[in-house]
Amino acid sequence: MMALERLENRERVLLENQFQVAPSFTPASPLSFTALELLDGEKSHDMIARLAETIGGAPLVAVASQFSKKYTFMVIVPALFTMSVLNKGLDLSLGNVVIDLEQPGEKSPFAAQLKRWTVTKPGSRREAWRERLVTQLIGRHVVPLWHQLHESTGVPLAILWENFALYVYWLYETKLVGLEGEERKRVETDYHYLLNETPASLYAEKIQPLARFHSPKCWPAHAPEPVRIRKTCCLYYQVGDKTCKTCPRNCFTITEPCRDTPLEG
């Protein structure tokens, strides 16, 4: 059995600062749910309905989509960051993740916490260790959670998977580009593994989502910088007052094709 350690305090603070993860666990409130509890259809629906009330009664399908984006940013991305940058594996078993609606964050309608901050280390067989982590993270965590959100609210799985994919791309293509040495090598190797070596069956999909949505970036007429135009709409316009800059709805009215170079001047 692999020995367990605790994530160092400075590393927990780093995750809080970068991804809004609560650095310490507070006792469960009446409006808190473990990720495991959210596999129950009634609880999943209740949680999304309560979130909808806090943001003006938006459609549940749109709220579920926005929840999946925040959840990916505050739970899944920190686990990948910990794996690739800190070279440690967080415990992301479903029962260890707590979503608390009673303690909203500064930029989120809920708080994300871990009950235990135990981690594993790769030892001499990092590839096997990474495969176990990713299998736990995607196959045993994200897949059942996304499927229950789909069943509870009707949000299409394609939207949920593209929300997930875009945050993975952001982490490895934007957030971590400045690293050097061993950290950079680890990040590049892990990203290649996620994009090209994780099978579609891990996601319970016919097409592997990270590969499916990994289209080239371009300069559409409405954008001042390169963007990866979404293939699905995340429905943010039904929650906020505008569309995302990568929304495919924007592109329907564009007469100028995407450019492969920026505008002059």
Side-chain angles (χ1 to χ4, degrees), residues 15-16 18-22 33 35 38-39 44-45 47-81 92 94 97-101 103-114 137-138 141-176 194 203 205 209-210 212-215 217 223 227-250:
L15 295 182
E16 178 189 23
Q18 298 292 325
F19 308 110
Q20 304 169 29
V21 186
F33 306 81
L38 293 179
L39 298 190
S44 175
H45 184 277
M47 186 270 294
I48 295 298
R50 288 177 182 274
L51 279 177
E53 290 175 5
T54 67
I55 54 179
L60 295 190
V61 63
V63 176
S65 174
Q66 305 318 304
F67 170 79
S68 74
K69 290 164 71 174
K70 281 293 184 182
Y71 191 91
T72 300
F73 176 74
M74 298 171 68
V75 177
I76 307 304
V77 166
L80 294 173
F81 178 93
L92 244 63
L94 288 163
V97 177
V98 177
I99 298 302
D100 193 344
L101 307 188
Q103 302 181 58
E106 182 179 343
K107 298 180 180 180
S108 172
F110 60 85
Q113 308 178 49
L114 297 183
L137 178 65
I138 297 175
H141 190 125
V142 181
V143 167
L145 192 58
W146 273 198
H147 277 247
Q148 187 55 67
L149 281 176
H150 167 66
E151 292 177 14
S152 300
T153 68
V155 60
L157 283 168
I159 291 179
L160 299 179
W161 280 122
E162 187 163 24
N163 291 346
F164 167 89
L166 290 183
Y167 273 106
V168 175
Y169 305 153
W170 169 80
L171 175 68
Y172 286 98
E173 295 178 7
T174 303
K175 185 72 173 174
L176 302 181
L194 289 166
Y203 304 79
E205 293 285 316
L210 290 177
R212 174 185 178 184
F213 297 111
H214 194 255
S215 57
K217 293 182 179 181
V227 295
R228 179 175 284 116
I229 300 298
R230 292 182 62 109
K231 291 181 170 63
T232 68
C233 175
C234 75
L235 309 176
Y236 177 72
Y237 74 96
Q238 295 185 15
V239 175
D241 58 358
K242 58 183 179 181
T243 59
C244 303
K245 66 180 180 180
T246 60
C247 183
R249 294 169 62 89
N250 294 331

Undergrad: Is any side-chain heavy atom of Val155 closer than 4.5 Å to one of Trp146?
TA: no
Undergrad: Quick one: closest heavy-atom pair of Cys234 and Lys69, and the distance?
TA: SG-NZ, 3.2 Å
Undergrad: Where the side chain of Ser68 meets the backbone of Ser65, is there a donor-acceptor pair that is under 3.5 Å apart?
TA: yes
Undergrad: Show the numbers, then the answer: is there a side-chain contact (heavy atoms from CB on, under 4.5 Å) between Phe67 and Leu149?
TA: CA-CA 10 Å; Phe67 170 79; Leu149 281 176; 3.9 Å; yes
Undergrad: Once the angle between the rings of Tyr71 and His141 is folded into 0 to 90°, is it parallel (under 30°), tilted (30 to 60°) or perpendicular (over 60°)?
TA: tilted
Undergrad: Using side-chain heavy atoms (C-beta onward) and a distance below 4.5 Å, is Val21 in contact with Val75?
TA: no
Undergrad: Any chance you could measure Ser152, atom OG, to Ile48, atom CD1, to the nearest 0.5 Å?
TA: 8.0 Å
Undergrad: What I'd like to find out is whether the side chain of Gln113 reaches to under 4.5 Å of the side chain of Val97, using heavy atoms alone.
TA: no
Undergrad: Please collect all salt bridge (charged side-chain N to carboxylate O under 4.0 Å, His left out) contacts where either partner lies in residues 144-164, sequence neighbours excluded, each pair once.
TA: Glu162-Arg230
Undergrad: Taking only residues two or more places apart in sequence, or in another chain, which ones meet Glu173 in a salt bridge (charged side-chain N to carboxylate O under 4.0 Å, His left out)?
TA: Lys217, Arg228
Undergrad: Let me confirm one number: the SG-OH distance from Cys247 to Tyr236, rounded to the nearest 0.5 Å.
TA: 12.0 Å
Undergrad: Are the side chains of Pro209 and Leu157 in touch, meaning some heavy atoms are under 4.5 Å apart?
TA: no
Undergrad: Between Leu60 and Leu51, is there a side-chain heavy-atom distance shorter than 4.5 Å?
TA: no
Undergrad: What verdict does the side-chain contact (heavy atoms from CB on, under 4.5 Å) test give for Phe81 and Ile76, after you've listed the backbone C-alpha separation in whole Å, the side-chain angles of each residue and the deciding distance to 0.1 Å?
TA: CA-CA 9 Å; Phe81 178 93; Ile76 307 304; over 6 Å; no
Undergrad: Compare every heavy atom of Ile138 with every heavy atom of Pro144, then report the nearest pair and how far apart it is.
TA: CD-O, 4.5 Å
Undergrad: Testing the basics here: between Ala58 and Ala52, what is the closest heavy-atom pair and its distance to 0.1 Å?
TA: O-CB, 3.6 Å
Undergrad: Which heavy atom of Ser108 sits nearest a heavy atom of Gln20, and at what distance?
TA: CB-OE1, 4.1 Å
Undergrad: Indicate the ring-plane relationship of Trp161 and Tyr203, choosing parallel, tilted or perpendicular according to the 30° and 60° boundaries.
TA: perpendicular
Undergrad: Do the side chains of Pro156 and His150 get nearer than 4.5 Å, heavy atoms only?
TA: no
Undergrad: Measure the OG1-OH distance between Thr174 and Tyr167 for me, rounded to the nearest 0.5 Å.
TA: 12.0 Å
Undergrad: Which residues pass the salt bridge (charged side-chain N to carboxylate O under 4.0 Å, His left out) test with Arg212, not counting sequence neighbours?
TA: none
Undergrad: Taking the six-membered ring for Trp and the full ring for Phe, Tyr or His, determine whether the centres of Phe213 and Tyr169 are under 6.0 Å apart.
TA: no
Undergrad: For the residue pair Met47 and Leu38, establish whether any side-chain heavy-atom pair is separated by less than 4.5 Å.
TA: yes
Undergrad: Is it the case that more than 12 heavy atoms not belonging to His45 sit under 6.0 Å from its NE2 atom?
TA: no
Undergrad: Donor-acceptor pair, distance only, cut-off 3.5 Å: does the side chain of Gln148 make one with the backbone of Val143?
TA: no
Undergrad: Shortest non-hydrogen contact from Leu160 to Ala64?
TA: CD2-O, 4.2 Å
Undergrad: Would you say that Leu166 contacts Val168 through its side chain, given a criterion of any heavy-atom pair below 4.5 Å between the two side chains?
TA: no
Undergrad: Looking at Tyr172, Phe164, Trp170, which one forms a side chain to side chain contact (heavy atoms under 4.5 Å, CB included) with Val77?
TA: Trp170
Undergrad: Indicate the atoms forming the closest heavy-atom contact of Leu92 with Leu114, along with that distance.
TA: CD1-CD2, 4.1 Å
